Structure formats: structure tokens, C-alpha cells
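As the structure is a prediction and not an experimental result, all values here were calculated from the model. Just the heavy atoms: all of them, side chains too, but no hydrogens, waters or symmetry mates, feed the values below.
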Amino acid sequence: VFLIINFLVITFTLTSDQIYKSSSTIIINKDPNSLSILNMGYNGDRNFIDNEIGILRSRTTSEKVIKRILNNDNLNLHLFDKEDIKNFSNQQLINKYSNKLRKSLYISNNKRTDAINISIESKDPNEAAMLVNTLIDVYKERDLEWATGEMSHLKNFLLKQLQEKEKELNNVENALKSFQEKEKIFTVDENSKIILDNLTLFETEYNNILASIDIINEKEKFITNQLNSDEKIFAKEVSNTINERLLAFKSEMGVIEGELISTQTKYDANHSAVLELKSKLKDIKIKIEEETRNLIDKGITVADPILYRQSLMDSVISIRSVKASLLSKSKAFKNLVNDYDEKLSMLPEKILRYTRLERDRVIHAETYSFMSQKLEEARIGEASKLSKIRIIDRAIANESPIKPNKSQNIIFGLILGIVLGIGFSILIELLDNTVKSIEQIERRGLVILAMIPAISNHKNGKRNRNKNQNRVIEN
């Protein structure tokens, strides 16, 4: 038994495919300013690392790795079955090999660090290193896409808006030029000019606020599209709860902003009335911020943060809070615009027509300038975004196989052979019920009637002549 077991173990060890393992280490740099409101009362750092490990192990990341390999025409890999090479356009095969890749993937985190170790096993050492490095490259690209995705989306949105605003501005300028050439009106009286300047100022600010709301809506739309249905419901519930609790503060802030805007039209920026309203507005904003934090600390966000992509959730909640403030501010400016528009409507028809064209020209020019500025900010933001992933050690081919472990297998075979050999011998002894000596008969209390001497074999007679072997007959 001992020899058979060891023969089988040695045969298995020598005939088994050698498996190689290649590893890489990366560091995840967490933005210290991006404290998630969903991490209140939880182990946020642990969740952050777990989320990143989840992304590395995700099906989407593995599928992107397989597609990257296919795009590079790198098909002669042990990962792939030869009969499937011609049919890789089939999504089922991509799913098959992405799952196979995930099974060979091992990820671990060094406790109390942001370092993640990534390893992949393969029958070829170079293939193992290539798969690890490709996985990390895909992971970095996904991270950078998420980091720049919002800015890229916003940039494209602003480019379209600017094209529309440029057309509107050109149309207004042409209409104003035609009107001036026809009616010979190039200016208005001093009183009308003051009303027109104030109206243009407030309406420009009002339109800039509306443009900001459009930008925020586009941001919210982009981020919300990345959430699943449960996350959307959760973000809405948190936003609604906070807004309900802060309704009184926000209503008061809207009233103060309206008073401040109205007062600024009458006095300069250093007037005591203006400074007093600014101080009140600052205090109410501080109260809103403190109350929001208190509501979060008391447990409004009761869901387990591991289940949610925290940065996306925070962005949606923050965007909705800013949008609510802008909507309140826009109402105050809209009321002022309506008041001045009513005053301006009392002018003669031709003068009124001129003032409206001039006002539209200035407003469209200011709005175009405002959106151009936002576009530049988006471009700078997109260009300045960096991946939070740092590669400490890239994977290299390890020529020493990890499987099969020859010394370990031989030791295991020896131990198993000895154990099974001893066990098999004991089992045979226990199951053997034949009588081998006179002492066994006597121990059982049986009477011996006679003994017949053993007759040796003719060929072995001389060799066995001196042996005292007996056959026992019992009654």
C-alpha cells in the first residue's frame, strides 16, 4: 500500500500542469476632502478599500480585460480554449472567459494600509504577468473615466449650449442693428437708461442663475444615470428628509436674499443696511449647514454604506441642495425683473422696442460669456483629473511554479502511505478469524483432540524440515 500510494503521488506530481503566479501591488489614494456623509458612524476607510476591491473583482472589469486582449489579437493564451478562438464575437464566450479570469484572480488588502495585492494564476508565467498588468490598466482607465466623466459630459453640454447662445446673440444683434438703421434710435433718456441698466443687470444675473441650474441639472442627470433603482430611491429619501427639516431655514434665506438684492439697488455695497443683510444671510447659511450635519449624525442615513457607491450618492444629495438654494435665489431676481419690466413698459413703443432689443443683446452676451467661462472650467477640470491609483510594483513573470509543490506532495505521499499502510494492516488483522496457534484454542476453552504435523512441499522439504508447523483439529 505504501509503495502504491507514493507511486500515484509521484506520477500525479510529474504529470500535472505547472501553475505560475504573478502579483502586483497598488496604492489607492483617497481624497482627504471627500468625506462621505454616508460614512457617519461607520468605518469609512474600510468601506472605501472594500469598494475598490469590489470594482477589481467585478464582471465588467473582467470583460473589459478580455476585450482588451482580443483587440490586441493576443489569442494564443492558456486562458482560452482553442476551439473557441474563432467565435470570440459571441458575448457568451466573453462572459465564459471573464468568469474564468475572475476564478484565477486573488485580491488581498494589507491591514491598516491602502495597499492592494493583485495576483493571477496561469500555466504560463508571462501570461500571468500580462493578465495582472492588463487588469490594472483597465481598472485605472475605469477610475479615470469616472473621475473625468462628469466634466466631459458637462463640457459637451456646454458646447451645445454655447452654439445655441451664439446663434441667439447673432440674431438679436442683427435685429437691433436693423431696428436702429430703420428708426434711427441709438440711445434713450437718462431716466429710461437707469431703468434699463438695472433691469439688464438683474435679468443678466437671473439668466446666469438659470444657466447654473441647467448645468446642475445636467450634472444630476449624469450621476443619477449611474445609480441603480435602489440607490436613486435612497438619495431621494435623504434629500427629501433634509429639505423637509430645513424648509423653515431655506424660506428665511430666500426672504433675506430678496431683501438684499432689493437693498443693493438703492445703496452701495458698504451701506449699513446691505452689510446687515449680508451678515444675516451668512448666519442662516451656517445654520443650514450645521443642521444638515446634525440630521446626518442623528441617523437619517440609516442604510449600510457598503451597499451604496458613496461618492455618487453624496454628489446627488449635494447637487439637489445647491439647486434648491439657486431656485430660491432665482425667484427673488425674477420678482425684481418683473418690477423693472413693468416700469419699462410705460415707455413709448419705439423706445420700448429699442430697450428690449438692447437688453436682449446685453443679456445674451453676458450669458454667452458666463457659459464660456464654465466651459473653460470644465475643460480645466477634465484635464486636471488624475487617477487615484498608484502602481507600486508591476507584475513580472515568476519562473518558479507554485503548483504542483513537489516537496510538499512527496511528504504528503509518504505520510499518507504510512498511515494507510498501517491502517490497512490493522484492518486485515481485525477481519482475519483463522486459528494460527494452539494458544488461541486454549484461550477459547476448547479441547484439542489431535495434532497433525504439517507436511512440507517436496521442493521445499529440506528448507522447511526444521520448522515446527502443525495443523490443529478441534472438536
Side-chain angles (χ1 to χ4, degrees), residues 28-36 51-52 55 58 60-61 64 67-68 71 137-173 203-228 231-232 235-236 239 309-327 329-330 333 360-390:
I28 310 296
N29 296 319
K30 184 177 181 182
D31 184 359
N33 298 319
S34 62
L35 178 63
S36 171
N51 289 339
E52 297 303 317
I55 294 171
S58 68
T60 303
T61 300
K64 286 181 177 291
K67 291 177 180 178
R68 173 72 60 83
N71 290 336
D137 291 340
V138 168
Y139 171 55
K140 283 189 67 176
E141 288 173 9
R142 290 193 73 189
D143 179 73
L144 198 56
E145 284 175 7
W146 285 331
T148 61
E150 180 182 336
M151 288 299 174
S152 298
H153 181 79
L154 187 58
K155 183 186 72 174
N156 294 332
F157 169 75
L158 288 171
L159 283 171
K160 293 179 181 178
Q161 292 294 309
L162 280 171
Q163 291 175 356
E164 295 178 3
K165 292 297 178 184
E166 186 175 12
K167 290 179 181 178
E168 293 175 358
L169 179 59
N170 290 333
N171 292 336
V172 170
E173 287 178 341
E203 193 163 7
T204 298
E205 185 65 27
Y206 172 69
N207 279 277
N208 288 345
I209 293 173
L210 293 182
S212 298
I213 292 173
D214 288 338
I215 293 171
I216 283 181
N217 284 334
E218 201 65 24
K219 284 184 179 180
E220 182 182 3
K221 179 182 175 182
F222 173 79
I223 297 174
T224 303
N225 286 338
Q226 300 181 55
L227 302 177
N228 60 40
E231 292 168 342
K232 290 176 183 178
K236 184 177 181 180
S239 299
R309 285 165 288 172
Q310 297 155 1
S311 60
L312 294 178
M313 302 292 291
D314 287 348
S315 297
V316 172
I317 295 168
S318 175
I319 283 172
R320 288 174 179 171
S321 177
V322 172
K323 184 169 69 172
S325 176
L326 287 174
L327 287 171
K329 194 173 182 179
S330 69
F333 273 99
D360 288 344
R361 184 193 66 79
V362 174
I363 291 170
H364 279 83
E366 291 292 334
T367 303
Y368 183 85
S369 175
F370 174 80
M371 298 191 80
S372 297
Q373 179 185 351
K374 293 297 179 184
L375 175 60
E376 289 305 312
E377 291 175 2
R379 283 174 172 164
I380 293 171
E382 181 184 29
S384 62
K385 286 289 184 180
L386 299 175
S387 175
K388 63 177 179 290
I389 300 156
R390 268 193 305 139

Inset, instruction - Please assess Ile55 against Glu52 for the test side-chain contact (heavy atoms from CB on, under 4.5 Å), listing each intermediate value before the final yes or no. - result: CA-CA 5 Å; Ile55 294 171; Glu52 297 303 317; 4.0 Å; yes
Legend entry - side-chain contact (heavy atoms from CB on, under 4.5 Å) evaluation trace for Ile363 with Tyr206: CA-CA 10 Å; Ile363 291 170; Tyr206 172 69; over 6 Å; no
Inset, instruction - Start with the C-alpha gap between Lys374 and Glu377, add the side-chain angles, then the distance that decides, and say whether salt bridge (charged side-chain N to carboxylate O under 4.0 Å, His left out) holds. - result: CA-CA 5 Å; Lys374 293 297 179 184; Glu377 291 175 2; 3.6 Å; yes
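- Checked against side chain to side chain contact (heavy atoms under 4.5 Å, CB included), Ser212 has the following partners two or more places apart in sequence or in another chain: Leu326, Phe370.
- Ala365 and Leu169 make their closest contact through N-CD1, 3.7 Å (heavy atoms, listed as atom of the first residue, atom of the second, distance).
- Annotation: side chain of Gln161 is in contact with side chain of Glu164 (closest heavy-atom distance under 4.5 Å).
- To the nearest 0.5 Å, the span separating NZ on Lys221 from CG on Leu154 amounts to 12.5 Å.
- In summary, Glu145 and Arg142 do not engage in a salt bridge, as defined by a charged side-chain N under 4.0 Å from a carboxylate O.
- Atom-to-atom distance recorded for Asn156:CG and Leu375:CG is 9.5 Å, nearest 0.5 angstrom.
- Here the NE2 atom belonging to His364 is positioned 10.5 Å from the OG1 atom belonging to Thr204, to the nearest 0.5 angstrom.
- Here the closest heavy-atom approach between residue Tyr139 and residue Ile28 is recorded as OH-CD1, 3.5 Å.
- Looking only at side-chain heavy atoms (C-beta outward), Glu173 and Asn170 come within less than 4.5 Å of each other.
- The shortest side-chain heavy-atom distance between Glu168 and Thr367 does not fall under the 4.5 Å cut-off.
- Under the 4.5 Å side-chain criterion, counting only non-hydrogen atoms from C-beta, Glu218 is not in contact with Ile215.
- Within the model, atoms CG of Leu158 and NZ of Lys165 stand 11.5 Å from one another, a figure rounded to the nearest 0.5 Å.
- Distance check: Ser330 OG to Glu205 CD gives 11.0 Å after rounding to the nearest 0.5 Å.
- Partners of Asp360 according to the side-chain hydrogen bond (donor to acceptor under 3.5 Å, both in side chains) rule, which considers only residues two or more places apart in sequence or in another chain, do not exist here.
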Inset, instruction - Evaluate side-chain contact (heavy atoms from CB on, under 4.5 Å) for Asn207 paired with Glu366, printing each intermediate quantity in order. - result: CA-CA 9 Å; Asn207 279 277; Glu366 291 292 334; over 6 Å; no
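- Evaluation of the side chain to side chain contact (heavy atoms under 4.5 Å, CB included) rule for Glu141 yields Arg68 as partners, not counting sequence neighbours.
- Here Asn171 contributes atom CG and Glu166 contributes atom CD; the two are 10.5 Å apart, rounded to the nearest 0.5 Å.
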